Peer 1: 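Mind having a look at this structure? Questions to follow.
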Amino acid sequence: MKTRLLHDDPQGIETAAAILRAGGLVAFGTETVYGLGADAGNDRAVSAIYTAKGRPGINPLISHFASADAAFTQVVATPLAHRLAERFWPGPLTLVLPRAPACTISPIATAGLPTAAVRVPAGRTIHALLVACGFPVVAPSANPSGRVSPSDAGHVLAGLDGRIDAVLDCGPCTVGVESTILDLSGARPVLLRPGGVTLEMLEEACGMPVATMAGGDDTRPSAPGQLSSHYAPGLPVRLDAQTVAADEALLAFGPELPGSGLAWNLSSRGDLHEAAARLFAGLRFLDMEGHRRGLVRIAVQHVPGHGLGRAIRDRLIRAASPRS
Ligand code: TXA
Ligand code: MG
């Protein structure tokens, strides 16, 4: 199938909604990364996402909504869920809650689990698209399973052109790493994936410690199907480099190590927000250009593990994990 490139205007948004309504697959930008969307209630459309991405069926999808009210018709929300929604939505936070009895999300999208992951993404275009749809839209990151996530429309086409119906070009993503996933289905909140809302912000808003299963230097997979090897470029990745060789590409942070064959600085002034927004584009650039120049590896300078650095390090550790 030919993948259409839709523009960020009322006509592009209406076309995207019409394709989704008809059971097609449309990629779109959110504040975090580009997602590959389908009607959450349409089993065939949801299955087509797994096929297009080559994604294991045990890995459930996040459902996206135009408002917290819409999200909370699908799951059983707790008072804490309402509080966090009030504080962080629209924004890069995903909540895992028990499916509501009236939940219309396909069990294929939740991988047969009794819970569902829901979020209200930020951004004028994605909001307009979700309003136009009027149904929950499931969307994993719009990349072939296991590879680097896309932060612009070109990245989506590089990985999925010909396998999806359309891409709605929403410009570059502002946050740059995926949403934080917080499991609220148990007695205490558990962080399943560090992301755009930091652990520090969550703990402050929850008024209690949040258990972490992922992030920092912990390489265990946490959310189901989130394999430790992920975000993998073609070239091997070496973390916390203190020197760099001429046959290596360098992903720098802060003052740049001398001597690399090619460099991309996440943030020369050491700003974690800037680094997150430039992370996936940088990995893609070093991989492609490094490969072209015959470089053998991507060396990564140390990124601190606090604030947004926790999510950045999580992605880098997975990018460096042995490939399965
Ligand atoms: O920022 C984001 O969250 C992006 C944009 C497109 O919204 N989406 C995204 O989706 O990152 P994906 O599929 O790449 O990651 C979804 C993660 C997976 O690790 C999955 O295991 C977890 O969410 N997940 C989904 N439903 C879950 C559930 N019921 N319980 C636990 N984890 C769940
Ligand atoms: Mg993903």
Side-chain angles (χ1 to χ4, degrees), residues 8 27-35 91-92 121-123 125-126 141-143 146-159 167 169-180 193-198 201 215-216 230-242 244 248-258 260-293 295 297-320:
D8 181 3
F28 45 72
T30 75
E31 79 282 39
T32 58
V33 298
Y34 271 67
T125 311
I126 178 62
S141 52
N143 52 283
R147 310 315 299 236
V148 181
S149 297
S151 54
D152 71 30
H155 298 162
V156 176
L157 289 173
V167 184
D169 188 348
C170 305
C173 301
T174 52
V175 175
V177 289
E178 292 86 346
S179 62
T180 303
R193 177 176 74 182
V197 170
T198 66
M201 289 157 77
H230 212 101
Y231 311 100
L235 291 177
V237 174
R238 178 168 77 85
L239 297 181
D240 296 327
Q242 289 178 335
V244 59
E248 290 183 318
L250 176 68
L251 190 65
F253 180 77
E256 206 164 296
L257 290 173
S260 72
L262 173 73
W264 172 282
N265 204 325
L266 290 171
S267 172
S268 51
R269 59 197 158 95
D271 179 284
L272 289 168
H273 287 89
E274 185 182 27
R278 289 170 54 77
L279 175 65
F280 292 137
L283 279 174
R284 283 167 184 272
F285 168 74
L286 294 178
D287 193 29
M288 208 162 63
E289 186 58 21
H291 186 262
R292 205 181 65 79
R293 296 189 190 186
L295 304 182
R297 205 176 297 108
I298 299 173
V300 183
Q301 278 180 242
H302 179 76
V303 176
H306 60 80
L308 261 185
R310 177 181 287 268
I312 297 172
R313 282 191 67 79
D314 171 78
R315 306 311 187 263
L316 288 170
I317 288 167
R318 291 175 199 281

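This one's a predicted model, so the numbers in the text were calculated from it and none came from an experiment. The figures that follow rest on heavy atoms only: side chains count, while hydrogens, waters and symmetry mates do not. If you read the sequence from its start, that first residue is 1, and numbering goes on from there.
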Peer 1: With sequence neighbours excluded, what pairs up with R297 under the salt bridge (charged side-chain N to carboxylate O under 4.0 Å, His left out) test?
Peer 2: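 R297: salt bridge (charged side-chain N to carboxylate O under 4.0 Å, His left out) contacts with E248.
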Peer 1: V300 and D240: side chain to side chain contact (heavy atoms under 4.5 Å, CB included), yes or no, with the steps?
Peer 2: CA-CA 6 Å; V300 183; D240 296 327; over 6 Å; no
Peer 1: To the nearest 0.5 Å, what is the distance between CG on D271 and CG on L266?
Peer 2: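 Here the rounded value is 11.0 Å.
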Peer 1: Determine, step by step, whether N143 and V156 satisfy the side chain to side chain contact (heavy atoms under 4.5 Å, CB included) criterion, reporting the C-alpha distance in whole Å, the side-chain angles of both residues, the deciding distance to 0.1 Å, and the verdict.
Peer 2: CA-CA 6 Å; N143 52 283; V156 176; over 6 Å; no
Peer 1: Which heavy atom of S141 sits nearest to which heavy atom of V33, and what is that distance?
Peer 2: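 Nearest pair, atom of S141 first, then V33: CB-CG2, 4.0 Å.
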Peer 1: Please determine whether a side-chain nitrogen of the Lys or Arg among D287 and R147 lies less than 4.0 Å from a carboxylate oxygen of the Asp or Glu.
Peer 2: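 Here D287 does not pair with R147 in a salt bridge, since their nearest N and O are not under 4.0 Å apart.
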Peer 1: Is there side-chain contact between P255 and S268, with heavy atoms separated by less than 4.5 Å?
Peer 2: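 Answer no - side chains too far apart.
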Peer 1: Check whether any side-chain N or O of T180 sits under 3.5 Å from a backbone N or O of G195 as a donor-acceptor pair, and report yes or no.
Peer 2: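 Pair found, side chain donor or acceptor close to backbone of G195.
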Peer 1: Which residues pass the side-chain contact (heavy atoms from CB on, under 4.5 Å) test with R292, sequence neighbours left out?
Peer 2: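 Partners of R292 under the side-chain contact (heavy atoms from CB on, under 4.5 Å) test: E289.
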Peer 1: With a 3.5 Å distance limit and no angle check, can you tell me whether Q301 reaches the backbone of L251 through a side-chain donor-acceptor pair?
Peer 2: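 Between the backbone of L251 and the side chain of Q301 there is no qualifying donor-acceptor contact (under 3.5 Å).
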Peer 1: In terms of heavy-atom contacts, does CE of M201 have more than 12 from other residues, nucleotides or ligands at under 6.0 Å?
Peer 2: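 Above 12, so yes.
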Peer 1: For F253, give me all partners under ring pair (Phe, Tyr, Trp, His ring centres under 6.0 Å), at least two apart in sequence or on another chain.
Peer 2: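 For F253 there are no ring pair (Phe, Tyr, Trp, His ring centres under 6.0 Å) partners, ignoring immediate neighbours.
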Peer 1: Looking at residues at least two apart in the chain, or sitting in another chain, which of them share a side-chain hydrogen bond (donor to acceptor under 3.5 Å, both in side chains) with S179?
Peer 2: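 With sequence neighbours excluded, S179 shows a side-chain hydrogen bond (donor to acceptor under 3.5 Å, both in side chains) to T94, R193, given in chain and number order.
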Peer 1: Say whether, by atom type as modelled, one donor and one acceptor occur between the side chain of Y34 and the main chain of D169 under 3.5 angstrom.
Peer 2: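 Absent.
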Peer 1: Listing request: all salt bridge (Lys or Arg N to Asp or Glu O under 4.0 Å) pairs with a residue in residues 298-308, at least two apart in sequence or in separate chains.
Peer 2: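 Passing the test, one end in residues 298-308: no pairs.
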Peer 1: Can you give me the closest heavy-atom contact between C173 and T32, atom names plus distance?
Peer 2: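 Closest approach of C173 to T32: CB-O, 3.3 Å.
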Peer 1: Describe, in one word, how the ring planes of F280 and Y231 are oriented to each other, choosing from parallel (under 30°), tilted (30 to 60°) and perpendicular (over 60°).
Peer 2: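 Ring orientation, 0 to 90° scale: parallel.
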Peer 1: Start with the C-alpha distance between R278 and S267, add both sets of side-chain angles, then the distance that settles side chain to side chain contact (heavy atoms under 4.5 Å, CB included), and finish with yes or no.
Peer 2: CA-CA 8 Å; R278 289 170 54 77; S267 172; 5.9 Å; no
Peer 1: Of all residues at least two apart in sequence or in a different chain, which pass the side-chain hydrogen bond (donor to acceptor under 3.5 Å, both in side chains) check with S260?
Peer 2: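 Once residues adjacent in sequence are excluded, S260 has no partner under the side-chain hydrogen bond (donor to acceptor under 3.5 Å, both in side chains) criterion.
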Peer 1: Quick check: do M288 and R293 have side-chain heavy atoms less than 4.5 Å from each other?
Peer 2: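 The answer is no, as the side chains (C-beta and beyond) never meet within the 4.5 Å cut-off.
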Peer 1: Going by the rule side-chain hydrogen bond (donor to acceptor under 3.5 Å, both in side chains), which residues pair with N265 if we only count those two or more places apart in sequence or in a different chain?
Peer 2: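 Listed in chain order: E256.
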Peer 1: Does a side-chain N-to-carboxylate-O contact under 4.0 Å join D314 and R310?
Peer 2: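 No, this pair does not count.
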Peer 1: Please say whether more than 12 non-hydrogen atoms of neighbouring residues, nucleotides or ligands are located less than 6.0 Å from NE2 in H291.
Peer 2: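 Not buried by this count: 12 neighbours or fewer within 6.0 Å.
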Peer 1: Please test R315 against H230 for side chain to side chain contact (heavy atoms under 4.5 Å, CB included), starting from the C-alpha separation and ending with a verdict.
Peer 2: CA-CA 8 Å; R315 306 311 187 263; H230 212 101; over 6 Å; no
Peer 1: How long is the straight-line distance from OG of S149 back to NE2 of H155, given to the nearest 0.5 Å?
Peer 2: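 H155 atom NE2 to S149 atom OG measures 10.5 Å (nearest 0.5 Å).
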Peer 1: Any idea which heavy atoms bring P258 and V244 closest together, and the distance?
Peer 2: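 Reported closest heavy-atom pair: O-CG1, 3.3 Å.
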Peer 1: Can you name the closest pair of heavy atoms from L239 and A320 and give their distance?
Peer 2: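 L239 and A320 have their closest heavy atoms at CG-CB, 3.8 Å.
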Peer 1: Going by the rule side-chain hydrogen bond (donor to acceptor under 3.5 Å, both in side chains), which residues pair with E31 if we only count those two or more places apart in sequence or in a different chain?
Peer 2: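 Expected list: R119.
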Peer 1: Grab the two heavy atoms, one from G29 and one from C170, that are nearest each other, plus how far apart they are.
Peer 2: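 The pair with the smallest heavy-atom distance is N-SG, 3.3 Å.
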Peer 1: According to salt bridge (charged side-chain N to carboxylate O under 4.0 Å, His left out), who are the partners of D8, at least two apart in sequence or on a separate chain?
Peer 2: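 For D8 the salt bridge (charged side-chain N to carboxylate O under 4.0 Å, His left out) partners, ignoring immediate neighbours, are R124.
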Peer 1: Just jot down the side-chain contact (heavy atoms from CB on, under 4.5 Å) partners of H306, sequence neighbours excluded, or say none.
Peer 2: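 Listed in chain order: E200, L272, P304.
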Peer 1: side-chain contact (heavy atoms from CB on, under 4.5 Å) with A249: which residues, sequence neighbours excluded?
Peer 2: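 For A249, the residues satisfying side-chain contact (heavy atoms from CB on, under 4.5 Å) (neighbours in sequence not counted) are L262, L286, L295, I298.
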Peer 1: Looking at every non-hydrogen atom in both residues, tell me the closest pair between P172 and D152 and how far apart they are.
Peer 2: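 In terms of heavy atoms, the two residues are closest at CA-CB, 4.3 Å.
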